[in-house]
**Student:** 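Please read through the structure below; I'll follow up with questions.
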Amino acid sequence: NEEFCKFIVAYDLVMESMDSRYNSKAVEFYRRQLRALCAGKEFKYEQPDYETGRQPVGEGDDFLASGKKKDGDKATELLGQLWSGTKKAAAAGAYLANLGVNKMNK
C-alpha cells in the first residue's frame, strides 16, 4: 500500500522492527482512520505529531481519546467521496465481469 508506506516514512518507522512499527501510535492512528473510512464513518482525530507517533501504544492507552478532534474538513469529505466512488466502480466492474462470464458460458 503506497499511501501506508508514505505514512510510515513520515515517522521514520521504516527501519524500525516490525513490532515497533506496527505497535506505534502513528500506525494505530492510521489503522483506526482506515477502519472508519471503510465503515463509512467520520474520523475526526488529528494525526499525531512526529514524536507522539513514534511512541508505542501502551496497554489500555487510548491516546486518541485525549487527542484533539478536528472539525470536518474538505480532505475528509473528499476521501469519503472517493471511497464511495471506488465501491460503486468495483460493484459496476463485478457486474460487467459477471455479464461477460454468463455470455461465455452460453
Side-chain angles (χ1 to χ4, degrees):
N1 182 323
E2 186 178 335
E3 291 303 313
F4 178 68
C5 290
K6 289 178 188 177
F7 185 82
I8 63 172
V9 164
Y11 288 94
D12 294 323
L13 292 169
V14 175
M15 299 306 291
E16 298 294 330
S17 70
M18 285 186 70
D19 271 352
S20 294
R21 183 181 318 142
Y22 290 103
N23 290 315
S24 68
K25 290 181 178 182
V27 172
E28 179 62 20
F29 169 87
Y30 190 91
R31 193 179 293 122
R32 290 184 189 190
Q33 185 178 36
L34 187 59
R35 274 191 209 123
L37 181 64
C38 290
K41 295 181 179 178
E42 197 170 7
F43 188 80
K44 289 190 165 197
Y45 294 96
E46 288 185 8
Q47 185 171 323
D49 62 44
Y50 177 83
E51 291 300 324
T52 303
R54 290 184 51 81
Q55 296 171 1
V57 176
E59 190 173 319
D61 178 13
D62 192 3
F63 69 98
L64 291 179
S66 61
K68 293 181 187 176
K69 288 187 177 183
K70 61 182 177 181
D71 293 329
D73 60 4
K74 192 67 175 170
T76 304
E77 182 183 329
L78 290 173
L79 279 173
Q81 291 172 2
L82 174 66
W83 179 248
S84 176
T86 301
K87 289 191 295 188
K88 288 176 185 172
Y95 173 76
L96 292 174
N98 192 30
L99 282 177
V101 168
N102 287 339
K103 285 184 179 183
M104 288 174 41
N105 288 335
K106 288 185 178 184

**Student:** Which pair of non-hydrogen atoms, one from Ala10 and one from Tyr50, has the smallest distance, and what is that distance?
**Tutor:** O-CD1, 3.5 Å

**Student:** Can you name the closest pair of heavy atoms from Gly53 and Ser24 and give their distance?
**Tutor:** O-CB, 3.4 Å

**Student:** Gln47 and Phe7: side-chain contact (heavy atoms from CB on, under 4.5 Å), yes or no, with the steps?
**Tutor:** CA-CA 10 Å; Gln47 185 171 323; Phe7 185 82; 3.4 Å; yes

**Student:** Side chain of Tyr11, backbone of Val27: donor and acceptor closer than 3.5 Å?
**Tutor:** no

**Student:** When you check the gap from the basic side-chain N to the acidic O, do Glu28 and Arg31 get nearer than 4.0 Å?
**Tutor:** yes

**Student:** Can you check whether Tyr30 and Tyr22 have ring centres sitting under 6.0 Å from each other?
**Tutor:** no

**Student:** What heavy-atom pair brings Ala26 and Pro48 nearest, and what distance separates the two atoms?
**Tutor:** CA-CG, 4.1 Å

**Student:** Using the side chain to side chain contact (heavy atoms under 4.5 Å, CB included) criterion, which residues pair with Val9? Sequence neighbours excluded.
**Tutor:** Val14

**Student:** Name the residue from Glu16, Lys25, Arg21 that meets the side-chain contact (heavy atoms from CB on, under 4.5 Å) definition with Arg54.
**Tutor:** Glu16

**Student:** Quick one: pull up CD in Gln33 and OH in Tyr45 and give me the separation to the nearest 0.5 Å.
**Tutor:** 12.5 Å

